[in-house]
Number of protein chains: 4
Amino acid sequence: MANELKAAANPRRSPGRPRDASREKVILTETLALLGELGFAGLTVDAVVARAKVSKATIYRRWATKEELAIAAFDLLPLIEPVETGDIESEIIAYIDQYYGFLRTTPLSSVLPALVSEAMHNPTLAERLNEVVQRRRESGIAMIRRAITRGELPATTPPDIAHELIVGPMLQRSFFEPANFRREDFLVMVRVIVAGLKAVGKATSSAA
Amino acid sequence: MANELKAAANPRRSPGRPRDASREKVILTETLALLGELGFAGLTVDAVVARAKVSKATIYRRWATKEELAIAAFDLLPLIEPVETGDIESEIIAYIDQYYGFLRTTPLSSVLPALVSEAMHNPTLAERLNEVVQRRRESGIAMIRRAITRGELPATTPPDIAHELIVGPMLQRSFFEPANFRREDFLVMVRVIVAGLKAVGKATSSAA
Amino acid sequence: MANELKAAANPRRSPGRPRDASREKVILTETLALLGELGFAGLTVDAVVARAKVSKATIYRRWATKEELAIAAFDLLPLIEPVETGDIESEIIAYIDQYYGFLRTTPLSSVLPALVSEAMHNPTLAERLNEVVQRRRESGIAMIRRAITRGELPATTPPDIAHELIVGPMLQRSFFEPANFRREDFLVMVRVIVAGLKAVGKATSSAA
Amino acid sequence: MANELKAAANPRRSPGRPRDASREKVILTETLALLGELGFAGLTVDAVVARAKVSKATIYRRWATKEELAIAAFDLLPLIEPVETGDIESEIIAYIDQYYGFLRTTPLSSVLPALVSEAMHNPTLAERLNEVVQRRRESGIAMIRRAITRGELPATTPPDIAHELIVGPMLQRSFFEPANFRREDFLVMVRVIVAGLKAVGKATSSAA
DNA sequence: TCGTAAGCGAGACGGTACGTCGAGTCTTGCT
DNA sequence: AGCAAGACTCGACGTACCGTCTCGCTTACGA
C-alpha cells in the first residue's frame with residue numbers, strides 16, 4: 001500500500017515538527033560574530049539570543065553548554081587549503097600565510113585557547129574539540145604526504161610529526177605573541193625544518 | 001626618639017597597619033591548588049577565600065582581577081632548569097622531560113590557555129602574562145646559546161627561534177593531545193630540529 | 001438523496017474531521033488527577049500532555065489557557081446533594097459533611113483559591129468561574145427554600161444570604177485551617193445560624 | 001577591659017557587614033505595589049529587582065521563594081482596628097466596613113487566595129501564612145470578648161467561632177463576588193449572627 | 001473515489017521568569 | 001591602614017513552562 005511505500009521511502013523520519021535548520025545557521029553565525037567581537041570570555045548566550053532572535057531553549061536543545069556552542073561556531077571557520085607548487089618549502093610558507101590570515105580575520109585566537117583550557121577538565125568537550133581540530137589538520141598532513149610522494153621529502157618522513165613541527169611554532173607565536181607573527185621568522189623556521197627532515201631522512205635510509 | 005628614627009629610616013613608609021606578607025603566600029598557594037583541581041574556569045575567588053581563610057578585600061587589595069591572581073599563582077611554579085651535558089640533543093630531551101613533568105604535576109596546561117584566551121582581549125593582562133612567559137623562556141634560550149658557544153650549533157643559529165622550534169610542538173601536543181605526549185615522537189622531532197639547525201648553519205656560513 | 005437529508009438534518013455541521021470527544025474526557029480526567037496531586041501551581045500543561053497522551057494543540061483547541069482547562073476539570077467534580085429530613089439543622093450538618101468529604105477527596109481546596117486569585121485580574125476567567133460556582137450553590141439554596149416552604153424557617157428569610165452564612169465559615173476553615181475542619185465547631189455554628197434566622201424572622205414579621 | 005565591656009554589651013552581634021534594613025523596606029514596598037498592580041500571578045521577582053534597584057541575591061538572601069516574599073509584603077498591610085461603641089452589632093459593621101476598605105485599596109484579594117492555594121501543597125509556606133493570618137484575627141476576636149465582658153453577648157459564646165461566623169461570609173463574598181460586596185447584605189447577616197449568638201447563649205445558660 | 005478541510009500526536013519555537021552563582025565593591029568591628 | 005566576615009550590585013547561567021506553530025498522518029464529508 002501507499003503507506004508502506006512512504007514509510008519505506010523515509011523510514012527514519014522522526015515524528016513531530018522537525019528542527020528548523022535556519023535556526024542553526026543564524027545561531028552559529030551570530031555566535032561567531034560575537035566571538036570575534038568579544039572573545040570567548042565575553043560571549044554570552046543571552047547576547048546570542050538577542051541577536052539571533054532565537055529562544056534560549058532553541059540553543060540549548062542543540063548544544064548542551066556554551067562551550068559546545070562555541071565549538072560548533074568555531075567549526076564553521078574555513079579550512080586551510082594548501083596549494084601545490086611542487087616546492088614544499090614555498091607550500092609551507094603559503095600554508096602559514098593562510099593561517100596568519102585566519103588569525104587576523106577570525107576569532108580563532110580567542111576561541112581556541114579558551115576551549116583548550118576548558119577541555120582539560122571536561123572530557124566530553126575534549127573529544128568534541130579533538131574531532132574538530134583533527135579534521136583541520138588533515139589538509140596540512142596531506143600536503144606533507146604529497147611532498148614525500150614527489151620524492152621531495154624522504155620516504156621515511158612521518159607526515160604527522162613533520163606537520164607538528166610546522167604548526168607547533170605557529171601556534172606558540174599566535175598564542176603568546178600574536179602581535180609578533182613575523183613572516184621572516186617563519187621563513188627561517190621552515191628552512192630549518194625542511195633541511196632537518198631531509199638530513200634525517202638521508203641518515204636513516206643510508207643506515208638501513 | 002625611636003619613632004623619629006624609624007620615620008627617617010623609611011620615609012616612604014605609608015601610615016596604618018602594614019600588609020601581612022603571610023596572606024600573600026596562603027592565597028597564592030590555595031589558588032594554585034584550586035587551579036590544579038578545577039582548572040581556571042572552575043576557579044572561584046570565593047573558593048580561595050574559603051580555603052585560605054582570607055577575606056575577599058585582602059585578595060582584591062593585591063590583585064585587580066581573578067586573572068591577575070591566577071598569573072601570580074602561576075608564577076610560583078618552578079622554572080625548567082636545563083642540565084649541561086655537552087650534547088645539545090640530549091640536553092633538549094632532558095628539557096622536554098622536565099616540561100612533561102610540570103605538565104602532569106602543575107595546572108600549567110589549564111591555566112595557560114585560559115590566560116592566553118583572556119589576554120587576547122585584555123592588553124593589561126597580556127603584558128603581565130608576557131612578562132611571566134618571557135622569563136620562563138630564558139633558561140631554554142640560554143641552553144641553546146651555550147651549545148653555540150661550544151661550537152655544537154652553528155654561530156648563525158638564532159637562539160630564540162631555535163628555542164621556539166622546540167617549544168612549539170611541545171605546546172601543541174600538550175594543549176591538544178595531552179594524553180599523547182609521547183617521548184619517542186619528541187626524540188624524532190629533536191633530531192630533525194638539531195639536524196636542520198646544523199644543515200642550515202653550514203649552508204649559511206659556506207654561502208657567506 | 002441521503003446526502004441532502006443529512007445536510008438538512010445537521011446544516012451547521014462544520015467540514016473536516018470532527019473532534020474526538022474521547023480526548024476531552026482523557027484530558028480533563030488527567031488534569032483533575034494532577035490538580036489533586038500537585039495543586040494548581042504545580043499543574044503543567046506538559047504534564048497533562050504526557051499523561052493523557054495527547055498533543056498540546058488538542059488541548060489548546062478546546063481551552064484557551066491553563067486556567068480555563070482547570071475550571072473545566074474542576075467542573076467535573078460532583079455536586080453536593082442535600083438530603084431532605086424535615087429538620088433543617090441536621091440537613092445543614094449533612095451538607096457540611098458532604099462538603100468535607102469533597103475537601104479531602106478532591107483538589108477543590110487547591111484549585112479554587114488559585115482560580116479566585118487569577119480571576120481578580122482576569123474578567124473572562126472571572127465570569128467562567130462565576131458560572132461554575134453559581135451552579136454549585138444552587139442545591140444548597142434550594143435546601144434553604146424547602147425549609148422555608150415547610151415553615152421551618154421564617155418566610156422572610158433570604159435564601160441566598162442564609163446559604164452564605166453557612167458556606168462562608170466552611171470556606172474560611174477549609175482555606176486557612178484545612179487540618180482543623182472540626183465537625184463540633186460547625187455544629188455550634190449551625191445552631192447559631194438557624195437560631196438567628198428564626199429570631200430575626202420572628203422580629204421582622206411581628207414588626208410588620 | 002574595654003573589649004570585654006563591648007563584647008558583653010552586644011554579645012550576639014554577628015561579624016561581617018550587617019544587612020541593610022533599608023533594603024528590606026524597599027523590597028517589600030515595591031513588592032506590595034506590584035502585587036496591587038498585577039496580582040500575585042503577575043508578580044515577578046525581576047520586576048521587584050528593577051523597581052527596588054536591588055539585586056536578586058539580596059532578595060533571595062532574605063526570602064527563599066517568591067511566595068515567602070509575598071507573605072512578608074502582605075504582612076505590611078495595616079490591621080483592622082475595631083472601635084468600641086458599646087453596641088456589638090454596630091461594632092461588627094464598622095469592622096466589616098474597614099475590611100471592605102482594605103479590599104479596595106490593598107492587594108489583599110489577589111494575594112490571599114494565591115497564597116492559600118500554594119500553602120495547600122507547601123507546609124513551610126502554610127505555617128508562615130498561618131502565623132500572619134492568625135495575628136490579623138486577634139483584634140476581631142478581642143472585639144467579641146469585650147462584648148461578652150460587657151454582658152452584651154452570652155458568657156458561653158466561643159469568641160473564635162463567633163468571629164469565624166462574621167469573617168467567613170465576608171471572605172466568601174470578597175473571593176467570589178468582590179464586585180458585589182454589598183453593605184446591606186452584611187447588615188442582615190450580622191443581625192442574624194448576633195441574634196443567633198444571644199438565642200443560643202440563653203438556651204445554654206437556662207439549660208445549665 | 002477522490003479532494004478538501006479539519007483533527008490528531010509529536011515536538012520545535014519565541015518568550016519570559018525562575019532561582020543560582022560568580023566577580024568585584026562596600027561596610028562592619030577589630031587590630 | 002589592614003584584616004575577616006559577609007552583604008551588596010550586576011549580570012549571566014541553564015531550566016522550565018506557556019501558548020503557538022509546523023510536520024506527517026488520519027478521519028469524515030461531499031462532489
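Only this structure's heavy atoms are used, side chains among them; waters, hydrogens and symmetry mates stay out.
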Atom-pair distance ([atom1] on [X]; [atom2] on [N]), nearest Å:
X: B/Glu67; N: E/dG22; atom1: CD; atom2: P; value: 15 Å
X: D/Ile27; N: F/dC8; atom1: CD1; atom2: C1'; value: 11 Å
X: C/Arg62; N: E/dG7; atom1: CZ; atom2: C1'; value: 8 Å
X: D/Asp20; N: F/dG6; atom1: CG; atom2: P; value: 17 Å
X: D/Leu34; N: E/dA17; atom1: CG; atom2: C1'; value: 14 Å
X: C/Arg19; N: E/dC8; atom1: CZ; atom2: P; value: 7 Å
X: D/Arg61; N: F/dA5; atom1: CZ; atom2: P; value: 17 Å
X: C/Leu69; N: F/dC17; atom1: CG; atom2: C1'; value: 14 Å

*Which residue lies toward the 5' end of DNA chain F, C/Asp46 or A/Thr44, if each is placed at its nearest nucleotide?*
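Mapping each residue to its closest nucleotide by heavy atoms, the 5'-most match is A/Thr44.
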*Toward the 5' end of DNA chain F, which comes first, C/Ala47 or B/Ala21, by nearest nucleotide?*
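The 5'-side residue here is B/Ala21.
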*Does C/Lys56 get its side chain close enough to the base of E/dG9, under 3.5 Å, for a donor-acceptor pair?*
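Under the 3.5 Å cut-off, the side chain and the base do not form any donor-acceptor pair.
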*asked:* Between the base of E/dA6 and the side chain of C/Arg17, is one N or O donor paired with an acceptor at under 3.5 angstrom?
replied: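 Absent.
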_Counting neighbours of CZ on C/Arg128 that are heavy atoms of other residues, nucleotides or ligands and sit closer than 6.0 Å, is the number greater than 12?_
no
*When you match C/Lys53 and A/Val54 each to their closest nucleotide on DNA chain E, which lands nearer the 5' end?*
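Here C/Lys53 is the residue nearer the 5' end.
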*Want to settle it: does B/Val45 or A/Arg23 sit nearer the 5' end of DNA chain E, counting the closest nucleotide to each?*
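In this pair, the answer is A/Arg23.
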Under 4.0 angstrom, heavy atoms only, what part of the nucleic acid is [X] near: base, sugar-phosphate, or nothing?
X: D/Thr58; answer: base
X: D/Ile59; answer: nothing
X: D/Ala57; answer: base

_C/Glu131 and C/Ile71, any side-chain heavy atoms less than 4.5 Å apart_ =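 They are not in contact (no side-chain heavy atoms under 4.5 Å apart), so the answer is no.
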_A/Tyr60 side-chain proximity, nearest of F/dG19, F/dG14, F/dC3_ =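 Nearest listed nucleotide: F/dG14.
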*Which nucleotide in the list F/dC13, F/dC10, F/dC17 gets nearest to the side chain of D/Ser55?*
F/dC10
*Check ion pair A/Glu24-A/Arg19 (N to O, under 4.0 angstrom)*: no
*Is D/Glu118 salt-bridged to D/Lys66, cutoff N-O under 4.0 Å?*
no
*Between the side chains of D/Thr44 and D/Asp46, is a donor N or O closer than 3.5 angstrom to an acceptor N or O?*
no
